[in-house]
Amino acid sequence: MANNIHPKMDRASRAKQFMPFDALKGFREALAEKERALVPKKEFSQEWQAELDDKLRHIHKLDIVTAEYFQNGEYGQVTGEVSKIDIVGRVLKIAGMGIPFDDISDLHSGN
């Protein structure tokens with residue numbers, strides 16, 4: 001008769017058997033994303049838009065700026081060095097992040 005004794009498992013391998021199983025990978029993250037409070041994009045007055053345009057005109061490549069912007073249903077902020085100002089494409093690139101001019105809600109220059 002054959003011996004059906006299995007070799008002993010180390011403690012870590014044995015513990016893995018009892019870890020919770022996540023059948024729907026990413027489901028918890030998707031739920032958290034769904035529960036995130038989205039805000040509508042603010043509409044700014046013509047005076048404020050003119051002020052933002054003026055701030056954009058005074059920003060140059062390599063300036064350190066803080067941009068407040070709207071993206072994916074929420075407002076964010078990034079501070080860094082301006083690497084590109086694309087007037088034709090209307091995009092400001094700060095710290096490797098491209099922000100469309102129309103999504104910028106405020107700018108603060110460190111210079």
Side-chain angles (χ1 to χ4, degrees):
M1 190 189 279
N3 190 353
N4 289 336
I5 299 177
H6 297 284
K8 284 195 167 198
M9 270 191 217
D10 62 71
R11 190 170 273 201
S13 296
R14 197 169 51 232
K16 284 182 186 177
Q17 291 179 348
F18 300 102
M19 292 190 62
F21 175 68
D22 188 7
L24 301 172
K25 294 214 181 286
F27 183 68
R28 291 175 204 259
E29 293 82 7
L31 278 178
E33 178 70 19
K34 224 27 174 166
E35 291 173 356
R36 183 173 58 108
L38 301 179
V39 296
K41 188 174 181 181
K42 298 173 188 171
E43 293 296 324
F44 296 105
S45 68
Q46 288 182 344
E47 292 83 17
W48 182 251
Q49 289 174 357
E51 189 174 329
L52 277 176
D53 286 343
D54 187 53
K55 288 179 180 184
L56 276 167
R57 277 193 290 280
H58 287 91
I59 289 176
H60 303 343
K61 190 174 178 180
L62 303 181
D63 285 353
I64 302 296
V65 298
T66 297
E68 295 174 15
Y69 61 93
F70 182 80
Q71 183 180 42
N72 298 327
E74 62 186 3
Y75 282 89
Q77 186 174 352
V78 64
T79 300
E81 185 178 88
V82 174
S83 59
K84 185 175 184 179
I85 304 167
D86 183 354
I87 303 298
V88 175
R90 297 184 46 80
V91 174
L92 178 65
K93 196 162 190 178
I94 302 172
M97 179 180 184
I99 306 168
F101 288 0
D102 293 337
D103 290 342
I104 297 172
S105 58
D106 202 0
L107 284 171
H108 305 282
S109 179
N111 296 349

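A quick note: this is a predicted structure, and the numbers were derived from the prediction, not measured.
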Nonpolar side-chain network containing Tyr75, other nodes, edges under 4.5 Å: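 Answer for Tyr75: Val39, Phe70.
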Partner set under side-chain hydrogen bond (donor to acceptor under 3.5 Å, both in side chains) for Gln46, not counting sequence neighbours: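 Scan of Gln46 (side-chain hydrogen bond (donor to acceptor under 3.5 Å, both in side chains), adjacent residues dropped) gives none.
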Partners passing side-chain hydrogen bond (donor to acceptor under 3.5 Å, both in side chains) against Thr66 (at least two apart in sequence or in another chain): Thr79
Distance-only donor-acceptor hits, side chain of residues 84-96, under 3.5 Å, sequence neighbours excluded:
| residue | atom | partner | partner atom | Å |
| --- | --- | --- | --- | --- |
| Asp86 | OD1 | Val88 | N | 3.2 |
| Asp86 | OD1 | Gly89 | N | 2.8 |
| Arg90 | NH2 | Asp102 | OD1 | 3.0 |

Rounded to the nearest 0.5 Å, what separation is found between the [atom1] atom of [X] and the [atom2] atom of [Y]?
X: Gln71; Y: Ile99; atom1: CD; atom2: CD1; value: 8.0 Å
X: Ile59; Y: Leu107; atom1: CD1; atom2: CG; value: 4.5 Å
X: Gln49; Y: Leu56; atom1: CD; atom2: CG; value: 11.5 Å
X: Lys42; Y: Glu68; atom1: NZ; atom2: CD; value: 8.0 Å

Listed once per pair and sorted, the ring-ring contact (aromatic ring centres under 6.0 Å, His included) pairs that draw on residues 81-107, sequence neighbours left out: none
Where Ser105 and Trp48 come nearest, the two heavy atoms and their spacing: O-NE1, 3.0 Å
Check against side chain to side chain contact (heavy atoms under 4.5 Å, CB included), Lys55 and Asp106: CA-CA 9 Å; Lys55 288 179 180 184; Asp106 202 0; 2.8 Å; yes
4.5 Å side-chain heavy-atom contact, Lys41 and Asp103: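 Heavy-atom side-chain distance check passes, below 4.5 Å.
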Salt bridge (Lys or Arg N to Asp or Glu O under 4.0 Å) partners of Asp53, counting only residues at least two apart: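 None.
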